[in-house]
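Scope of the values below: all heavy atoms of this structure, side chains included, with no hydrogens, waters or symmetry mates.
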Amino acid sequence: MRLENAVAADVLERILSAYGFTMQKELSDKLGIAKSNVASWLQRGQVPGNVLVQCALDTGVDVKWLVDGMFANANLNHASSYLLGSANQAKGKELIERMLCTGGRPVLQRVMEAYGVKTQKELSEHLGISTGTISTWVRREFFPGDVVIACALDTGISLEWLATGEGQKFSCAVRLQNDILSVIKLDCFQLREGELRPKGTWSIDKLFIENFDFKPTYIFKGSKSWLVDLDSKKLENGLWLLKIDGNIDIYHVERIPGEKLYLQSNKHSFECNVSDVIAVGSVCVAMEKFQK
């Protein structure tokens with residue numbers, strides 16, 4: 001997202017809202033700048049990136065919301081904690097000092113790390129900024145607020161880490177997103193009265209089944225559950241989901257000579273012909289809940 005696409009008046013209104021202010025003078029006093037500076041943002045049609053960075057870190061509101069108004073409810077309780085003065089994070093003048101003392105090369109290195117580039121030329125091409133401008137940041141120890149904001153929006157990297165080098169590199173939202181992305185949903189069935197009854201889906205960490213070359217189905221019955229490969233039909237020794245006389249259940253299967261099977265279930269065991277059963281699927285994982 002390009003910051004110049006943001007409407008300055010709307011951005012300013014969201015900044016005031018984040019701080020809980022109603023007047024521009026309150027904001028200018030908070031930032032330690034002249035009121036005329038705030039008015040000039042509206043005339044130029046752009047709010048300085050440094051101000052957005054400070055507001056986001058001061059109040060905890062979503063920087064994307066400050067820029068474009070999206071996810072307006074994402075961090076309301078963060079803003080409330082600011083108004084109550086309950087956060088331990090640096091704020092106001094102390095925050096500005098931390099930001100500015102990490103300008104120049106340190107902030108440039110963090111931005112390059114976030115984007116995954118190794119040279120200033122790669123960064124300049126990605127951002128559409130001349131290498132001379134980037135060199136000026138380093139030489140003058142300048143804090144490029146607009147670039148820090150754009151980088152946070154582009155990559156999801158923590159704004160606090162980009163701006164000050166402190167805190168977690170990845171924001172809570174990114175960590176949550178990564179956690180969500182590691183979960184896979186499996187078709188879920190309840191085994192009841194000899195039938196498989198659809199029960200929606202069941203979520204599991206995909207790392208649990210990463211070695212499988214198939215997507216299993218989750219089946220449960222009482223305190224027991226199984227991950228089953230419903231595409232597996234060739235009967236071998238092991239745990240199987242079988243249909244016998246129209247009823248489906250879980251059996252431990254042993255093949256014996258003469259095209260016969262020795263089957264064991266929770267209630268009984270018996271011998272039968274291979275032709276007497278239908279393989280519904282092979283069990284790859286068996287689980288059971290234990291009552292304390």
Side-chain angles (χ1 to χ4, degrees), residues 1-104 106-107 110-111 137 140-167 171-173:
M1 169 181 289
R2 303 293 293 178
L3 298 186
E4 57 264 30
N5 291 337
V7 179
D10 294 341
V11 173
L12 178 57
E13 182 178 347
R14 288 190 286 271
I15 290 174
L16 291 172
S17 175
Y19 278 115
F21 298 152
T22 57
M23 302 176 61
Q24 294 180 17
K25 186 178 185 307
E26 293 177 284
L27 179 61
S28 65
D29 290 343
K30 170 65 181 176
L31 300 178
I33 60 176
K35 181 182 176 182
S36 58
N37 285 7
V38 178
S40 70
W41 302 342
L42 300 179
Q43 293 173 355
R44 294 197 310 268
Q46 187 174 8
V47 178
N50 291 13
V51 174
L52 291 168
V53 173
Q54 181 177 352
C55 179
L57 295 182
D58 266 349
T59 66
V61 298
D62 188 347
V63 68
K64 180 171 175 56
W65 174 68
L66 285 176
V67 174
D68 62 15
M70 300 295 290
F71 309 117
N73 296 319
N75 289 291
L76 290 181
N77 48 352
H78 287 293
S80 298
S81 67
Y82 164 76
L83 295 174
L84 294 173
S86 60
N88 294 322
Q89 182 182 328
K91 299 185 185 303
K93 182 179 178 181
E94 182 185 355
L95 175 59
I96 285 291
E97 290 174 350
R98 289 191 186 182
M99 287 164 49
L100 296 183
C101 75
T102 63
V107 72
R110 290 193 295 273
V111 169
W137 300 345
R140 297 183 179 178
E141 296 186 351
F142 175 71
F143 182 86
D146 287 1
V147 171
V148 170
I149 289 285
C151 181
L153 295 177
D154 278 347
T155 65
I157 297 296
S158 163
L159 183 62
E160 179 186 5
W161 181 82
L162 283 172
T164 66
E166 300 174 359
S171 66
C172 291

A side-chain contact here means heavy atoms from C-beta on lying under 4.5 Å apart; do [X] and [Y] qualify?
X      : Y      : value
Ile157 : Arg110 : no
Gln24  : Leu42  : yes
Phe21  : Lys30  : yes
Trp41  : Val11  : no

Provide the closest heavy-atom pair for [X] versus [Y] in the form atom of the first, atom of the second, distance.
X     : Y      : answer
Val53 : Gly145 : CG2-O, 4.0 Å
Val47 : Leu12  : CG2-N, 4.4 Å
Ile15 : Leu52  : CD1-CD2, 3.9 Å

Those residues at least two apart in sequence (or on a different chain) that pass side-chain hydrogen bond (donor to acceptor under 3.5 Å, both in side chains) with Asn37 are none
Is there a donor-acceptor contact under 3.5 Å from the side chain of Ser28 to the main chain of Lys25? yes
Quick one: pull up NZ in Lys35 and CG in Leu27 and give me the separation to the nearest 0.5 Å. 11.5 Å
Take a 6.0 Å sphere around CZ of Arg140 and say whether it holds more than 12 heavy atoms from other residues, nucleotides or ligands. no
